[in-house]
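For ligands, and for the atoms within them, numbers begin at 1 and follow the listed sequence. Excluded from the calculations below are hydrogen atoms, water molecules and symmetry mates; all remaining heavy atoms, backbone and side chain alike, are included.
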Amino acid sequence: MKLERVYLIGFMGSGKSTLGRQLAKELQWAFVDLDDYFEEKYQTTISNYFSTEGETAFRQAEHQVLQEVTKLKNTIIATGGGAPCYFNNMETMNKTGLSIYLKLTPQVIKQRLATSNQVRPLILGKSGQELIDYITQKLAERAPFYEKARVIADAEALTVEGYLKIIRNKGLLTL
Ligand code: S3P
């Protein structure tokens, strides 16, 4: 089967959307940010969805949205940081495309999140030591899911060219 989708996974702030846009441009593929797709579909922000419906409902809705994007072709999909860790989402991604885990240390993630102006409900109001503790603990819980990715990338070292090489090589393999 031809490779039709690449899923970028990893913790909040690991650069999935930025990289996804760059890769899509280079490959002349489409780009979908799962969080944006969610907000478009539900006509609300994720932050608002979290506060009105709660995280459990968000995970269910996120699962549905993921099912929808598995139908897209020639698309790079940047997923939300929690998406791989609920239901059979990781298996779904591995069955329908190439998953790449953008692996970073808690320290690097913290630096990136501390300078981001995106509203993220899970870390709202956290900074300094509290933020690093949260990331360290959450990343430890999530790592077993993230590590089911077909490719584990050192996201600090890898360049866009490096990712393209991986995608082109893996794209020749059958899923
Ligand atoms: C979440 C990450 C967010 C978004 C939501 C929950 C998480 O996406 O889906 O706020 O559980 O890690 P990003 O990874 O794009 O920030």
Which atoms of ligand 1 have any heavy atom of R120 under 4.0 Å away? 16 (O)
With heavy atoms and a 4.0 Å threshold, my read on which part of L122 contacts ligand 1 is side chain
Decide whether an N or O pair under 3.5 Å exists between G13 and ligand 1. no
Identity and distance of the protein heavy atom lying nearest atom 3 (C) of ligand 1: D35 OD2, 3.6 Å
Side chain to side chain, F11 and K138, heavy atoms closer than 4.5 Å: yes
With heavy atoms under 4.0 Å as the rule, classify the contact between M12 and ligand 1 as side chain, backbone, both or neither. both
Heavy-atom nearest neighbour in the protein, as seen from atom 14 (O) of ligand 1, with distance rounded to 0.1 Å: K16 NZ, 2.5 Å
Using a strict threshold of under 4.0 Å (side-chain N to carboxylate O), is an ion pair present between R59 and E55? yes
Ligand 1 N/O within reach of F50 N/O, cut-off under 3.5 Å: no
So for ligand 1, is Q118 a polar contact partner (N or O within less than 3.5 Å, distance only)? no
Atom of E141, atom of P144 and distance for their closest heavy-atom approach: O-CD, 3.3 Å
Does the pair E39 and I46 meet the rule for a side chain to side chain contact (heavy atoms under 4.5 Å, CB included), with working shown? CA-CA 6 Å; E39 293 187 340; I46 287 183; 3.6 Å; yes
Grouping I, L, V, M, F, W and Y whenever their side-chain heavy atoms are under 4.5 Å apart, do M12 and M93 come out in a common cluster? yes
Under 4.0 Å from ligand 1, counting heavy atoms only, is it the side chain of R142, its backbone, both or neither? side chain
Side-chain donor/acceptor of N89 to backbone N/O of Y86, under 3.5 Å: yes
Going by the order shown, which atoms of ligand 1 are within less than 4.0 Å of some heavy atom of F58? 9 (O)
Distance col, row T136:OG1 vs I132:CD1, nearest 0.5 angstrom, shows 5.0 Å
Starting from atom 5 (C) of ligand 1, find the nearest protein heavy-atom neighbour and note its residue, name and distance. I46 CG2, 3.9 Å
Cluster overlap I100 with I77, hydrophobic side-chain contacts below 4.5 Å: no
Would one find an N or O of T79, backbone or side chain, under 3.5 Å from an N or O of ligand 1? no
Considering the heavy atoms of P121, write down every atom of ligand 1 situated less than 4.0 Å from one of them. 10 (O)
Return the residue, atom name and 0.1 Å-rounded distance of the protein heavy atom closest to atom 6 (C) of ligand 1. R59 NH2, 4.0 Å
Could you label the plane-to-plane angle of the Y101 and Y146 rings as parallel, tilted or perpendicular, counting under 30° as parallel and over 60° as perpendicular? tilted
